[in-house]
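Before any comments, here is the structure.
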Amino acid sequence: MNNAFLLTLCFSLLLGACHKENQEVAAPRPVWVMKVGTTDTHASGSYTGEVRSRYESSIGFRIAGKITSRDVNVGDMVKKGQLIARLDPNDSRLNAQAASAEVQTAQANLSLAKSELARREQLYQKQFISKSALESYETQVKTSQARLAQAQSQAAVSQHQTAYTQLLADRAGVIGMIQAEPGQVVAAGQTVAQIYDLQTLEIQISVPETTIAELKIGDTALVTLKESAQPYTGRIREISPAANSQTHAFDLRIQLLNIDHRIKLGMTADVMFSEANTAQKIIVPSTAVTQNGQQAAVWVIDPQQQAHLRPVTTGLLSEQGIEITSGLQAGEIIATIGVHTLTEGMQVQAVTPAPEVLR
């Protein structure tokens with residue numbers, strides 16, 4: 001009987017222990033968290049670019065020919081209309097003379113046709129010829145007039161081509177490149193020289209696609225040269241509508257508003273955009289964002305240390321993290337690591353890691 005009593009007592013104690021375990025609440029799960037705040041996103045930092053001219057004219061002869069002389073060298077300053085090079089004018093001069101002779105011939109034929117028409121009109125008045133015969137001579141006069149106009153137009157073209165044997169500067173600037181020498185035969189339109197306008201200098205930079213949306217035409221910029229500590233003021237003049245196929249970055253042109261003699265073509269420059277281009281954004285670590293079906297979501301930790309899944313709308317992905325455009329407010333607490341182990345309403349223990357961990 002004593003044995004039976006002991007067995008009953010042990011069984012009762014075991015049942016009580018199991019019931020007590022079931023009554024114990026699971027310990028809160030440790031979760032790394034962060035407090036959501038706004039970040040100053042600036043079309044960021046400093047960009048390195050190159051001094052370029054807005055107008056870089058590639059000029060060449062409008063007709064083919066052999067270069068007989070070149071009057072400028074690389075680095076020479078030229079004025080608009082200044083002579084750059086000459087072609088052999090002999091062929092053009094002969095063409096102009098031939099065209100002039102065609103004009104004289106057409107004028108003589110027209111005079112003869114008019115004289116014949118005047119005589120035929122007298123005969124027609126005396127009724128010696130028919131109306132149709134007179135009309136044929138009137139047609140000859142009109143044909144001669146058309147041929148004269150054609151010859152005069154061709155002569156004008158030939159005269160222009162004679163002038164095209166001289167290559168003139170189309171703007172003031174500096175000669176940056178020459179690709180022709182005396183004795184060389186060039187085709188029509190072939191580049192002979194390049195002229196850079198020094199009054200319209202600007203900086204060309206490349207901006208990554210993650211920050212291009214923060215910039216617009218007209219935004220101001222601070223420009224510094226590698227060789228000079230003096231800052232220059234610039235303004236965005238042009239933004240490429242498409243990214244470069246090789247760098248996947250967008251080319252920008254920064255117009256310099258104050259230019260001096262220290263700025264040279266090809267110099268390296270650093271460009272920083274003004275604080276007016278700074279925007280306030282909510283950016284969270286990429287590890288904090290999960291998927292709830294087709295919807296992006298984050299786990300928000302309430303004041304009672306419970307986790308709640310909340311849908312959000314994401315923006316651009318950058319080195320700082322993922323931009324949250326809607327669904328979160330500054331000051332809220334979110335889980336950053338271990339989000340895939342959380343369930344709705346789960347009790348958690350918030351752990352704040354070092355800042356360098358959340359990247």
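When reading the values below, keep in mind they use all heavy atoms of this one structure, side chains included, and skip hydrogens, waters and symmetry mates. Index from 1, following the sequence.
Residues Val72 and Val78 are in side-chain contact: their nearest non-hydrogen atoms beyond the backbone lie under 4.5 Å apart. Within the 4.5 Å cutoff, the side chain of Tyr164 has no heavy atoms near those of the Pro89 side chain. Between His248 and Asn244, the closest side-chain pair of non-hydrogen atoms is not below 4.5 Å. With a 4.5 Å cut-off on side-chain heavy atoms, Met34 and Pro285 count as touching. No side-chain heavy atom of Ile337 sits under 4.5 Å from any side-chain heavy atom of Val33. Trp32 is not listed as a side-chain neighbour of Thr287, based on a closest heavy-atom distance of 4.5 Å or more. In this structure the side chain of Trp299 reaches within 4.5 angstrom of the side chain of Thr290, judged on heavy atoms. Side chains of Lys66 and Gln184 form no contact here, defined as non-hydrogen atoms less than 4.5 Å apart.
For the atom pair NE2 of His340 and CD of Gln291, the computed distance is 9.5 Å after rounding to the nearest 0.5 Å. Atom CZ in Arg171 sits 10.5 Å away from atom CD1 in Ile59 (nearest 0.5 Å). Going from atom OG of Ser57 over to atom CG of Asp170 covers 4.0 Å, rounded to the nearest 0.5 Å. Atom CG of Leu134 and atom CZ of Arg119 lie 13.5 Å apart (nearest 0.5 Å). In this structure, CD in Gln199 is found 9.5 Å from OG in Ser53, a value given to the nearest 0.5 Å. The CD1 atom of Ile195 lies 10.5 Å from the CE atom of Met177; values are rounded to the nearest 0.5 Å.
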Q: Evaluate side-chain contact (heavy atoms from CB on, under 4.5 Å) for Val207 paired with Leu215, printing each intermediate quantity in order.
A: CA-CA 9 Å; Val207 175; Leu215 300 172; 4.1 Å; yes

Q. Is there a side-chain contact (heavy atoms from CB on, under 4.5 Å) between Val348 and Gln306 once you walk through the steps?
A. CA-CA 6 Å; Val348 299; Gln306 291 181 338; over 6 Å; no

Q) For Glu102 and Arg147, what are the C-alpha separation, side-chain angles and deciding distance, and is it a salt bridge (Lys or Arg N to Asp or Glu O under 4.0 Å)? A) CA-CA 9 Å; Glu102 288 291 336; Arg147 287 175 178 172; over 6 Å; no

Q: Would you sort out whether Arg29 and Met346 count as a side-chain contact (heavy atoms from CB on, under 4.5 Å), showing the intermediate values?
A: CA-CA 8 Å; Arg29 182 184 296 276; Met346 176 182 285; 3.5 Å; yes

Q: Go through the steps to decide whether Arg237 and Glu202 satisfy the test salt bridge (Lys or Arg N to Asp or Glu O under 4.0 Å), and finish with yes or no.
A: CA-CA 9 Å; Arg237 180 187 65 82; Glu202 54 190 24; 2.9 Å; yes

Q: Just do the side-chain contact (heavy atoms from CB on, under 4.5 Å) check on Ile283 and Ile324 with the steps written out, would you?
A: CA-CA 6 Å; Ile283 297 179; Ile324 304 298; over 6 Å; no

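For the pair Gln166 (side chain) and Ala163 (backbone), a donor-acceptor distance under 3.5 Å is absent. Remark: side-chain polar atoms of Lys216 are not paired, donor with acceptor, to backbone N or O of Ala213 under 3.5 angstrom. Judged by distance alone, the side chain of Thr191 and the main-chain N or O of Ala193 form no donor-acceptor pair under 3.5 Å. Looking at Gln82, its side chain does come within 3.5 Å of a backbone N or O of Lys79 through a donor-acceptor pair. Not one N or O on the side chain of Gln125 forms a donor-acceptor pair closer than 3.5 Å with the backbone of Gln122. Looking at Arg310, its side chain does come within 3.5 Å of a backbone N or O of Gly327 through a donor-acceptor pair.
For the 3.5 Å distance criterion, the side chains of Gln194 and Tyr196 qualify, holding a donor opposite an acceptor. Side-chain contact check for Glu344 and His308: at least one donor-acceptor pair (N or O, by modelled atom type) lies under 3.5 Å. A donor-acceptor contact under 3.5 angstrom links the side chains of Thr313 and Ser326, judged on distance only. There is no side-chain donor-acceptor pair under 3.5 Å between Arg86 and Thr165. In this model, no donor atom of one side chain and acceptor atom of the other lie less than 3.5 Å apart for Asn95 and Ser158. Under 3.5 Å, the side chains of Asp251 and Ser206 contain a donor-acceptor pair of N or O atoms.
In this structure, Glu138 does not pair ionically with Lys142, as no charged nitrogen and carboxylate oxygen lie closer than 4.0 Å. Using a 4.0 Å cut-off between charged side-chain N and carboxylate O, Glu181 and Arg70 make a salt bridge. Under 4.0 Å is where a charged nitrogen must lie from a carboxylate oxygen, and between Glu238 and Arg54 no such pair does.
Transitive grouping of hydrophobic side chains (ILVMFWY, heavy atoms separated by less than 4.5 Å) brings Ile259 and Ile254 into a common cluster. Under a hydrophobic clustering in which Ile, Leu, Val, Met, Phe, Trp and Tyr are joined whenever their side-chain heavy atoms come within less than 4.5 Å, directly or via other members, Val51 and Tyr55 fall into different clusters. Hydrophobic clustering places Ile175 together with Val186 (ILVMFWY residues linked when any side-chain heavy atoms are closer than 4.5 Å, directly or through intermediates). Cluster membership check: Leu148 shares its hydrophobic cluster with Tyr137, using side-chain heavy-atom separations under 4.5 Å among Ile, Leu, Val, Met, Phe, Trp and Tyr. Note: the hydrophobic cluster containing Met77 also contains Leu265 (ILVMFWY, side chain heavy atoms under 4.5 Å, direct or indirect links).
For the residue pair Ile217 and Ile239, the shortest heavy atom distance occurs at N-CD1, 3.8 Å. The heavy-atom pair separating Ile67 from Ala180 by the smallest distance is CD1-CB, 3.3 Å. Across every non-hydrogen atom of Val174 and Gly75, the tightest pair is CG2-O, 3.5 Å. The shortest heavy-atom contact between Ile129 and Arg120 is CD1-O, 3.2 Å. Looking at every heavy atom in both residues, Val298 comes nearest to Ala288 through CG1-O, 3.6 Å. Among all heavy-atom pairs drawn from Asn109 and Ser144, the shortest one is O-OG, 3.8 Å.
By the 6.0 Å contact criterion, CD on Glu121 is enclosed, its count of non-hydrogen atoms from other residues, nucleotides or ligands being greater than 12. No more than 12 heavy atoms of other residues, nucleotides or ligands sit less than 6.0 Å from atom CD of Gln150. In the displayed structure, Glu209 atom CD is contacted under 6.0 Å by at most 12 heavy atoms of other residues, nucleotides or ligands. Counting heavy atoms of neighbouring residues, nucleotides and ligands inside a 6.0 Å radius, atom CD of Glu50 exceeds 12 of them.
The one candidate from Leu257, Ile203, Ile263 that meets the side-chain contact (heavy atoms from CB on, under 4.5 Å) condition with Tyr232 is Ile263.
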